[in-house]
Each structure stands twice: as C-alpha cells, then as structure tokens.
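One-based numbering, in listed order, for ligands and for the atoms of each.
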Amino acid sequence: MISFVNLDIELNRKPVFSNLNLTIQPGELVFIAGKSGSGKSTLLKTMYMEIKPKKGELIIAGYNSRTIKKREIPLLRRKLGIVFQDFRLLEDRSVYDNLAFVLKVTGTKEKLIREKVMHALESVGLSDVAGELPIRLSGGEQQRVSIARALVREPLVILADEPTGNLDPDTSIEILEYLKKINQKGIIVVIGTHDYELIRHSPSRTLLIQDRSLVEASIREGATGFRPVPA
Ligand SMILES: Nc1ncnc2c1ncn2[C@@H]1O[C@H](COP(=O)(O)OP(=O)(O)OP(=O)(O)O)[C@@H](O)[C@H]1O
Ligand SMILES: [Mg+2]
C-alpha cells in the first residue's frame, strides 16, 4: 500500500504540492497525469524518497517518510522497481549483467542470480538477447530490459516515470501491456505520463495533477482531455 497523509512538497522553497491525501491499494495500476512541469516526476521521486516531503507523511512498502533513516533508503528501494524514460542501462555490459548486477550487490548466490535474471527476461520476452549489449537493442527492447531489471528483485511496487516518453505509439502500447501484465501478478504499478493516448488505450485509475493537488479523473471516449470524476 502507498499512502499520502497531508503531504506538502517543496522544491527550493517553491511549493509543488500541498495537502495531498491519497491511498493506493495493493494490486492497483494508477496513472499520474498532468502537463509538463505539473509535478509528475516530483511525486514519483517523493515515492522513492529522493525528495523529502516538507510536511505530512508518505508511507510506502512499510516505510514512513517521517521516520525513515538515511541508511534505510536503499532497503526501501530494494522493494521498489524504478523505470525511467531514458532506460538508464549500463552500456558497458550485457543485458544479463545489467540485471545480475542488481542482485550481486545484495549478495545473491550465482545460481539463484541466473534463475532470477532469466525469469525476469522471460517475462518481457527477451531471454534470447541476454548476451547482447543494450546499445544493440531497439528503444522498446531497452525499455523492456529496464522493466526486467525493475522486476528482478521481486518488488512490491513499480514506479515508472514517462516509461514511453522516448517510444513510438505502438511500442508505447506494448510497454504498457507489459506493465499491465506485471500488475496482474499483484504488484502496484504507478505510471507518470503526459501521454493521454496511452491512458485512453487502457483506462485505469487516473490521478490528474491540478493546482498542486491530485484529482481523480476519467477519460471519456472522444473527449480531448480529462474531467474530474463526479463525486
Ligand atoms: N530541483 C528542482 N528545484 C526547483 N524546482 C524544481 C526542481 N525540479 C523540478 N522543479 C520544478 O517543480 C515543478 C515540477 O517539476 P516536475 O519535473 O516534477 O514536473 P513533471 O510533471 O515531471 O514535468 P515533465 O512532464 O516535463 O517531466 C516544475 O515547476 C519544475 O520547474
Ligand atoms: Mg517529469
């Protein structure tokens, strides 16, 4: 579960969010939508505790932003899978080693690493490129590798910041389908996006950033934008 209680977020003394209250239940897939500069990345960074809220509390994967210690942040991140627009793969090593690296740092045994890495690559349909360098793959394939890397530690939550921002519309939908499949296994998936077409393809709970706050929104057939869900 993810929970925000009376949360204020400031960046360099500039208020970005005020008084957020929100609960995301286990098993949910949620879009965070909003125009450029509205605060999608800020919200996701707050969830993986790169940004500390100014006021209130955020609870995620059993950790509370008010009480978490600095040395516990890496422990929290082990329970989260984070996916970025620009993939952030290590270019000097193979797809396999990109995933294995994540498990080596926590001292997982070689045989188990092999099982987990191949299982994660299978889940995004990429077991046959384990030996390739990421640069040899298409953008969509690189993003699938980055999703597999997020999965390899069996996270409770996947946080994806514009995961389709660098991809064409068909590939974007393919990536969304993989994220949905992951969600169907019970993992919370939060996707920050300004791509309304993506949401329209696969309507799901959508939180729209408006006036430093989040409103539940729905996208309607033929509509050009979002409208708040009537209470
Ligand atoms: N390090 C920072 N210091 C001060 N202000 C910042 C910082 N990072 C972002 N901001 C501001 O915070 C607001 C939210 O930015 P954020 O990057 O979260 O938006 P976004 O919705 O992710 O935008 P985009 O769609 O362009 O990625 C913007 O007004 C931005 O200028
Ligand atoms: Mg952003």
**Asked** Distance-only, no hydrogens or angles: does the D195 side chain make a donor-acceptor pair with backbone N or O of G165 under 3.5 Å?
**Response** no
- Task: Verify the cluster assignment for V189 and L43: are they in a single hydrophobic cluster under the rule of side-chain heavy atoms below 4.5 Å apart?
- Result: no
For K35, I'd like to know if atom NZ has over 12 heavy atoms of other residues, nucleotides or ligands within 6.0 Å. no
Of Q142, Q143, Q85, the one forming a side chain to side chain donor-acceptor pair (under 3.5 Å) with N166 is Q85
Give the C-alpha distance, both sets of side-chain angles, the deciding distance and a yes or no for salt bridge (charged side-chain N to carboxylate O under 4.0 Å, His left out) between E72 and K69.
CA-CA 5 Å; E72 291 174 323; K69 299 191 172 63; 5.0 Å; no
Discussion item. Do the side chains of E10 and K55 get close enough for a salt bridge, i.e. N-O under 4.0 angstrom?
Written reply: no
Salt bridge E174-R144, side-chain N to carboxylate O under 4.0 Å:
yes
Do you see a donor-acceptor pair shorter than 3.5 Å between the side chains of N19 and D8?
no
Listed as residue and atom, the protein N/O/S atoms under 2.8 Å from the Mg ion (ligand 2) are S41 OG
- [ ] Mark yes or no: R205 above the aromatic ring of F31, with NZ or CZ under 6.0 Å from the six-membered ring centre and no more than 45 degrees from the axis.
- [x] no
Contacts for ligand 1, heavy atom under 4.0 Å, by chain and number, are L11, N12, K14, V16, K35, S36, G37, S38, G39, K40, S41, T42, E162, H194
